[in-house]
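Per chain, numbering begins at 1; letters A, B, ... match sequence-line order.
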Amino acid sequence: MVIKMRFLHNHWARYSLHMKQIYLSKKIRLEDVKTDIKYIAGLDASYFRDIGASCAVLFNFKYLKPIEVAYATARVKRYIPGYFSLREYGLLLEAFKGLFTKPDLIIVNACGINHPRKCGLASQIGISTNTPAIGVTKSSLAGTVDKLHVIRRGELKIYTIKLKKAIVGFMITRGNERIIVSPGHLVTLDTALKITLELIDKRLTPKPLSLAHKLSKIRLEEDLRNLGICEQGNCNKTN
DNA sequence: GCGACAG
DNA sequence: ATCTTGTCGC
């Protein structure tokens, strides 16, 4: 316990002033998106040990087609539950900055306000880019699913996630598939759910996220090859 | 006190 | 996140 606390404290001390302000002030605004949404950016990353590759994909919201893509690769810190941003924040932001067109909304493969401090990585990305943001994950870091009130919408079942008696997000299921949706920044609960439902296609995972996931993985493998790092011994390069 | 714990 | 085996569907 002591060791863990010290470890966290060291990270905390080195954290940038910017991130400290975000955490300490908890300025997460749940408002409705002001502008009409034309472009949505999906953010995700892939890893091999401490090397991470991130991808930002710009989507046309109306037609659900990709328009632009940007990447970033870097060495990253280890993952600590509740402190995911220490690992992935910089990586995602770097890819995001590579987009020429700024989106009207960001969708991140991370938690939003369903977080112990109500400020997951999706919130942090939204705050620092001053952009509405939604977090979509496979499971919720904090909160419990309220199974008493189920909303059915076609094949989809929608449950609410509560944290300390407040609704902080939704669980959407279809068969065995399952995603968690939570507002990150400048988006209300209802709007976060509504937008996410529009991004669902064959799979529950929103299209911008599934593409970002796929591309980041491809990019990671390319970069590992260029760096001469072999994964599972299938490296053809002669070192 | 004990278990759980985004990716 | 990543690894793994088999299975299903196009």
* Heavy-atom check, side chain of A:Asp104 versus side chain of A:Asp36, under 4.5 Å -> no

* A:Tyr83 OH - B:dA6 P separation (whole Å) -> 14 Å

* Asked: Are the side chain of A:Arg117 and the backbone of A:Gly82 linked by a donor-acceptor contact shorter than 3.5 Å?
  -> yes

* To do: Looking at every strand, decide which applies to A:Asn109 at a 4.0 Å heavy-atom threshold: base, sugar-phosphate, or nothing.
  => sugar-phosphate

* Ring-face cation of A:Arg78 near A:Tyr83 (centre distance under 6.0 Å, axis angle within 45°) -> no

* **Heavy-atom closest contact (A:Pro208 atom, A:Ile107 atom, distance)** => CB-CG2, 4.1 Å

* With the side chain of A:Cys111 defined as its heavy atoms from C-beta on, choose the nearest nucleotide among B:dG7, B:dA6, C:dT2. => B:dA6

* Asked: Are a donor atom and an acceptor atom from the side chains of A:Asp44 and A:Ser216 found within less than 3.5 Å of each other?
  -> no

* Contact class for A:Leu121 vs. all strands (heavy atom < 4.0 Å): base, sugar-phosphate, or nothing? -> base

* A:Arg203 has an atom CZ; how far is it from atom P of C:dC10, in whole Å? -> 12 Å

* Rounded to the nearest Å, what distance is computed from the CD1 atom of residue A:Ile179 to the P atom of nucleotide B:dG7? -> 12 Å

* Pick base, sugar-phosphate or nothing for A:Arg49, based on heavy-atom distances below 4.0 Å to the nucleic acid. => nothing

* Contacts to DNA chain B from residues 133-150 of chain A, heavy-atom cutoff under 4.0 Å, which residues? -> A:Thr137, A:Lys138, A:Ser139, A:Leu141

* Asked: How close or far is atom P of C:dT2 from atom CG of A:Asp44, stated in whole angstroms?
  -> 9 Å

* Structure fact -> Closest of C:dT2, B:dG7, B:dA6 to the A:His213 side chain is C:dT2

* Taking atom P of C:dC8 as reference, at what distance in whole Å does atom CG of A:Asn176 sit? -> 14 Å

* **A:Tyr79 ring center within less than 6.0 Å of A:Phe84 ring center** => yes

* **Considering all heavy atoms, the nearest A:Ala95-A:Ala72 contact** => N-CB, 3.6 Å

* Asked: Is any side-chain N or O of A:Tyr79 closer than 4.0 Å to OP1 or OP2 of B:dA6?
  -> yes

* **Separation of C:dG9 P from A:Lys202 NZ (nearest whole Å)** => 12 Å

* Asked: Rounded to the Å, how far apart are A:Ile218 CD1 and C:dA1 P?
  -> 15 Å

* Measure the distance from NZ on A:Lys118 to P on B:dA6 and round it to the nearest whole Å. => 18 Å

